[in-house]
Asker: 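Have a look at this one before I ask anything.
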Amino acid sequence: MVRYSALKGLYEFEKTIGCGGFAKVKLATHLATGEKVAIKIMSKSALGKDLPRVKLELRALKSLSHRHICQLYQVIETETHFFIILEYCSGGELFDHIVEKNRLSESESRIFFRQIVSAVAYLHNLGYAHRDLKPENVLLDHEQCLKLIDFGLCAKPDGGMKSLLFTSCGSPTYAAPELVLGKQYLGPEVDVWAMGVLLYALLCGYLPFDDHNIDSLYKKILSGRYEEPSFMTDASKRLIRQMLQTDPKKRITVAELLTHPWITNNSNPISPYSGLVKKQDDDCIALMAQCHRVMPDEMWKYLRKWKYDYNTATYLLLLGRKRRGLPLKLNTAALKVP
Ligand SMILES: O=C(Nc1ccc2c(c1)CCNCC2)c1ccc(-c2cn[nH]c2)cc1OCc1ccccc1
């Protein structure tokens, strides 16, 4: 295996768990805290014209901090590679979870779907659209908590880089009619359509529009007609119809989803800000300050720049340990002085 010297002493690689288009995902241990992470490795030469997509993903990830969005910890760039250190999602893909259970009950689907709505509402409130929402891009952590990944296509809607979508997204099974028609479109509406496909997949265990022939797939999407199996409740059917609405202007918005009766179902409405995770924590700061032999306010002054270096990773991983009620400890050998 290629020795990635840039991470020597900082991370210890374990096995490769996924190989995507131009990325490889390896499990690793963050040595200062002993916490597990996922490292997405991309070779710049293999990226070629897709390099801007990586820059886009990193810029987006650096401004996102939400319970249901896979947290970025550190970025290491060498002449030849990008190493993106990310939150460990040991539950694997939501897709696999659905398939192994055939389909999910309405209440289990609601628990997952509320998390997706919260993450997408947060994204939209920041002016981003994900634009590639699909079950493969939704992972689970060890607590069955959902994590959105792969912001390679996400953009601020005013950017409207639809060419990016056509060139790089895989199967358009989740693509909204306006995308299929190549129309000007707004990212948020495209995300709502994809969320409709996702919710359908959760409730039914298969996709509303599917065909191995791309032209008949397009025809089905443009028709907006799909099967409503008998096991679906009327409430689920109504909600999905509002999301899989072919006219983007008539499609329900994320803001309306936040308070939709099927979503709230007598529990509290979803706040798009739920789960903001990046905050000042005195215990974590104090421990890092002690190891670096600096004053806590010096340490926080450095950390709040969010440089996504090893110290950002260490701080965020300590925060995670504290949230899980684990003792805070640091292996100073791996710590680099700022
Ligand atoms: O932590 C991640 N994955 C992951 C970690 C542990 C385990 C599994 C999976 C399932 C396989 N059995 C071992 C347990 C993990 C984290 C982030 C990202 C990621 C974030 N932006 N882009 C990619 C990707 C990740 O994975 C990809 C994957 C690999 C195999 C299957 C399912 C998912």
Side-chain angles (χ1 to χ4, degrees), residues 4 7 11-30 33-44 46-47 50-77 81-101 112 115-116 119-120 122-123 128-155 164 168-170 174 194 198 201-202 275 277-278 308 312-313 316-317 320-321 324:
Y4 298 119
L7 286 76
Y11 295 93
E12 192 165 277
F13 280 108
E14 285 152 40
K15 56 182 171 172
T16 297
I17 41 163
C19 263
F22 43 74
K24 180 194 297 192
V25 178
K26 280 175 129 19
L27 292 192
T29 300
H30 173 267
T33 58
E35 290 291 291
K36 287 200 176 303
V37 293
I39 302 185
K40 195 170 172 180
I41 304 164
M42 293 183 253
S43 105
K44 288 184 173 177
L47 276 170
D50 280 315
L51 193 65
R53 182 172 157 175
V54 175
K55 296 277 184 189
L56 220 160
E57 173 167 23
L58 291 174
R59 203 175 65 215
L61 279 175
K62 284 181 180 177
S63 53
L64 302 175
S65 174
H66 188 278
R67 188 113 171 67
H68 300 306
I69 291 176
C70 186
Q71 182 62 48
L72 173 70
Y73 293 135
Q74 182 175 4
V75 178
I76 298 176
E77 182 175 353
H81 286 86
F82 280 109
F83 298 93
I84 304 177
I85 292 87
L86 294 148
E87 185 172 5
Y88 182 70
C89 307
S90 59
E93 287 178 18
L94 175 64
F95 210 61
D96 300 333
H97 183 79
I98 303 170
V99 166
E100 85 191 20
K101 301 184 83 169
F112 281 139
Q115 296 178 42
I116 293 166
V120 177
Y122 167 80
L123 267 180
Y128 283 104
H130 186 286
R131 301 197 317 172
D132 195 16
L133 289 173
K134 53 190 176 183
E136 298 90 318
N137 282 346
V138 180
L139 300 185
L140 294 163
D141 70 4
H142 58 290
E143 294 163 324
Q144 300 280 312
C145 186
L146 287 194
K147 304 284 176 182
L148 276 194
I149 65 165
D150 217 341
F151 290 76
L153 293 178
C154 106
L164 210 68
S168 4
C169 103
Y174 312 91
L198 248 169
L202 287 167
V277 288
K278 232 156 65 179
Y308 289 91
T312 302
L316 289 173
L317 286 163
R321 278 185 71 84
R324 298 196 325 263

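Atoms within a ligand are numbered from 1 in the order they appear, just like the ligands themselves.
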Asker: If you take the nearest heavy atom of each of Ser90, Gly92, Gly18, which one is closest to atom 6 (C) of ligand 1?
Answerer: Ser90
Asker: Which residue holds the protein heavy atom closest to atom 32 (C) of ligand 1, what is that atom called, and what is the gap in Å?
Answerer: Glu93 CG, 3.7 Å
Asker: Note the single closest protein heavy atom to atom 1 (O) of ligand 1, along with its residue, its atom name and the distance in Å.
Answerer: Cys89 N, 2.7 Å
Asker: Ignoring hydrogens, just give me the one of Asp150, Ile17, Ile149 whose non-hydrogen atom is nearest atom 11 (C) of ligand 1.
Answerer: Ile17
Asker: Just so I know, are the side chains of Gln74 and Thr312 near enough to count as touching, which here means a heavy-atom distance under 4.5 Å?
Answerer: no
Asker: Taking the side chain as every heavy atom from C-beta outward, state whether Leu148 and Val138 have any pair of such atoms under 4.5 Å apart.
Answerer: yes
Asker: Under the rule for ring-ring contact (aromatic ring centres under 6.0 Å, His included), what residues qualify as partners of Tyr11, not counting sequence neighbours?
Answerer: His30, Tyr310
Asker: To the nearest 0.1 Å, how far is atom 12 (N) of ligand 1 from its closest protein heavy atom, and which atom is that?
Answerer: Lys15 NZ, 4.7 Å
Asker: Who pairs with Phe82 by ring-ring contact (aromatic ring centres under 6.0 Å, His included), at least two apart in sequence or on another chain?
Answerer: none
Asker: Who gets closest to atom 17 (C) of ligand 1 by heavy atom: Glu14, Glu87, Lys36?
Answerer: Glu87
Asker: Quick one: nearest non-hydrogen protein atom to atom 22 (N) of ligand 1, plus distance?
Answerer: Lys40 NZ, 3.1 Å
Asker: Out of Asp96, Thr16, Leu27, Leu148, who gets a non-hydrogen atom closest to atom 5 (C) of ligand 1?
Answerer: Leu27
Asker: Please write down residue, atom name and distance for the protein heavy atom closest to atom 24 (C) of ligand 1.
Answerer: Leu139 CD1, 3.5 Å
Asker: Report yes if some heavy atom in the side chain of Arg53 is under 4.5 Å from a heavy atom in the side chain of Met42; otherwise report no.
Answerer: no
Asker: How about atom 3 (N) of ligand 1: does it have a protein heavy atom within less than 4.0 Å?
Answerer: yes
Asker: Which atom names give the shortest non-hydrogen contact between His81 and Ser43, and what distance separates them?
Answerer: CD2-CA, 3.7 Å
Asker: Hey, are Glu14 and Lys36 close enough for a salt bridge, meaning a charged N less than 4.0 Å from a carboxylate O?
Answerer: yes
